[in-house]
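Report on the structure given below.
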Amino acid sequence: YRRILRQVPDDGIAFDRLATIYESTGSFADLGQVAAARLERVPGDLRALLAAARDLLSRQKPSEVIDLLEPHLAADAS
């Protein structure tokens with residue numbers, strides 16, 4: 001899936017599968033990297049936001065999770 005994302009960076013299915021693999025194997029640093037790359041290409045992508053949040057939570061950074069998600073929650077509320 002990494003190879004697919006290098007060739008087709010906007011492939012949502014490859015992102016989802018790779019994120020699932022990283023999370024299930026506890027590779028949260030890799031999860032955070034792939035999520036950050038996805039968010040650069042597709043800002044606001046819910047799956048990438050949640051993956052980035054899981055990475056931050058694995059590193060015990062709940063305030064950064066709030067900072068990451070809050071703008072998107074506020075946008076949905078209006």
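Values below: every heavy atom of this structure, side chains too, minus hydrogens, waters and symmetry copies.
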From [atom1] ([X]) to [atom2] ([Y]), nearest 0.5 Å:
{"X": "R2", "Y": "I21", "atom1": "CZ", "atom2": "CD1", "answer": "8.5 Å"}
{"X": "S27", "Y": "Q33", "atom1": "OG", "atom2": "CD", "answer": "10.5 Å"}
{"X": "T20", "Y": "Y1", "atom1": "OG1", "atom2": "OH", "answer": "9.0 Å"}
{"X": "L18", "Y": "L31", "atom1": "CG", "atom2": "CG", "answer": "8.5 Å"}

Between [X] and [Y], which heavy-atom pair has the shortest distance, and what is it?
{"X": "D55", "Y": "F28", "answer": "OD1-O, 2.8 Å"}
{"X": "P62", "Y": "L57", "answer": "CA-CD2, 4.3 Å"}
{"X": "I66", "Y": "P71", "answer": "O-CD, 4.4 Å"}

Find out if a path of hydrophobic residues (ILVMFWY) with successive side-chain heavy-atom gaps under 4.5 Å connects L39 to F15.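 Different clusters: L39 never reaches F15 through Ile, Leu, Val, Met, Phe, Trp or Tyr contacts under 4.5 Å.
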Report, one line per pair, each donor and acceptor closer than 3.5 Å where one atom sits in a side chain of residues 40-51; sequence neighbours left out.
residue: R41; atom: NH1; partner: A37; partner atom: O; Å: 2.9
residue: D45; atom: OD1; partner: R47; partner atom: N; Å: 3.2
residue: D45; atom: OD1; partner: A48; partner atom: N; Å: 2.8
residue: D45; atom: OD2; partner: R38; partner atom: NH2; Å: 3.3
residue: D45; atom: OD2; partner: R47; partner atom: NH2; Å: 3.2
residue: R47; atom: NE; partner: D16; partner atom: OD1; Å: 3.4
residue: R47; atom: NH1; partner: D16; partner atom: OD2; Å: 3.0

Could you pull out all donor-acceptor pairs under 3.5 Å where a side-chain atom in residues 3-12 meets a protein atom, sequence neighbours excluded?
residue: D11; atom: OD1; partner: I13; partner atom: N; Å: 3.0
residue: D11; atom: OD1; partner: A14; partner atom: N; Å: 2.9

